[in-house]
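All values below were derived from every heavy atom in this structure, side-chain atoms included, with hydrogens, water molecules and symmetry-related copies excluded.
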Amino acid sequence: MAGYLTTHVLDTARGCPAAGLRIVLFRLSGDARAQITEMTSNADGRTDSPIFPAEDFETGSYELVFHAGDYLRASGQASAEPLFLDQVPIRFGMADPQAHYHVPLLLSPYGYSTYRGS
């Protein structure tokens with residue numbers, strides 16, 4: 001079985017999935033980054049398919065950018081501009097070509113956390 005990458009965004013301030021949040025995946029190589037894909041979270045706060053599916057999966061260094069500011073504005077949680085959190089970048093490595101990597105984001109207007117999920 002080949003590896004793959006999924007993500008999930010939960011709005012911890014409202015206690016619900018963060019639907020409609022734009023997520024962009026980049027591959028990192030030294031100082032360069034190349035966009036691989038862009039998706040939007042569904043009603044469950046997940047993407048409709050793996051953000052990096054098994055047929056395209058490669059080990060390496062990556063960055064997920066969560067466009068939190070757009071989501072916070074749309075959900076009525078935005079404060080005065082500039083927002084405290086706008087784009088949330090998470091850089092991580094994937095070393096096992098057979099593993100399922102899951103990088104969730106727990107989001108509120110003034111903080112976030114992440115971890116390697118299952």
Go through the structure and list residues passing salt bridge (charged side-chain N to carboxylate O under 4.0 Å, His left out) with Asp70, not counting sequence neighbours.
Arg73

So, do Phe57 and Phe52 have ring centers that fall under 6.0 Å from each other?
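Yes; Phe52 has its ring centre under 6.0 Å from that of Phe57.
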
Rounded distance [0.5 Å steps], [atom1] in [X] versus [atom2] in [Y]:
X	Y	atom1	atom2	result
Ser108	Leu85	OG	CG	7.0 Å
Asp86	His67	CG	NE2	8.5 Å
Thr7	Leu21	OG1	CG	9.0 Å

Closest approach of [X] to [Y] (non-hydrogen atoms, all atoms of both residues):
X	Y	value
Thr6	His102	OG1-ND1, 2.6 Å
Ala43	Pro17	O-CB, 3.5 Å
Ile51	Leu64	CD1-CD2, 3.9 Å

Decide whether Met39 and Leu107 are clustered together by the hydrophobic rule: side chain heavy atoms of Ile, Leu, Val, Met, Phe, Trp, Tyr closer than 4.5 Å, transitively.
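Yes; tracing contacts between hydrophobic side chains, which count when under 4.5 Å, links both residues.
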
Table please: side-chain donor-acceptor pairs of residues 23-36 below 3.5 Å, with sequence neighbours left out.
residue: Arg27; atom: NH1; partner: Tyr62; partner atom: OH; Å: 2.6
residue: Arg33; atom: NH1; partner: Glu63; partner atom: OE1; Å: 2.3

Stepwise side-chain contact (heavy atoms from CB on, under 4.5 Å) check, Gln77 with Arg14
CA-CA 9 Å; Gln77 298 181 76; Arg14 293 176 34 202; 3.2 Å; yes

Minimum side-chain heavy-atom gap [X]-[Y] below 4.5 Å:
X	Y	result
Ser61	Arg91	no
Pro97	Thr59	yes
Leu105	Val88	yes

When you measure from the side chain of Thr12 to the backbone of Leu106, do you find a donor-acceptor pair of N or O atoms at a distance under 3.5 Å?
no

Return yes if some donor-acceptor pair links the side-chain N/O of Ser41 with the main-chain N/O of Gly20 below 3.5 Å, else return no.
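Yes, because the side chain of Ser41 sits within donor-acceptor range (under 3.5 Å) of the backbone of Gly20.
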
Is it true that the side chains of Asp11 and Tyr71 contain a donor and an acceptor less than 3.5 Å apart?
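Asp11 vs Tyr71: donor-acceptor pair found between side chains.
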
Is it true that atom CZ of Phe84 has more than 12 heavy atoms of other residues, nucleotides or ligands lying nearer than 6.0 Å?
no

List, one per line, each side-chain donor-acceptor pair under 3.5 Å for residues 110-118, sequence neighbours excluded.
residue: Thr114; atom: OG1; partner: Pro104; partner atom: O; Å: 2.5
residue: Arg116; atom: NH2; partner: His100; partner atom: O; Å: 3.3

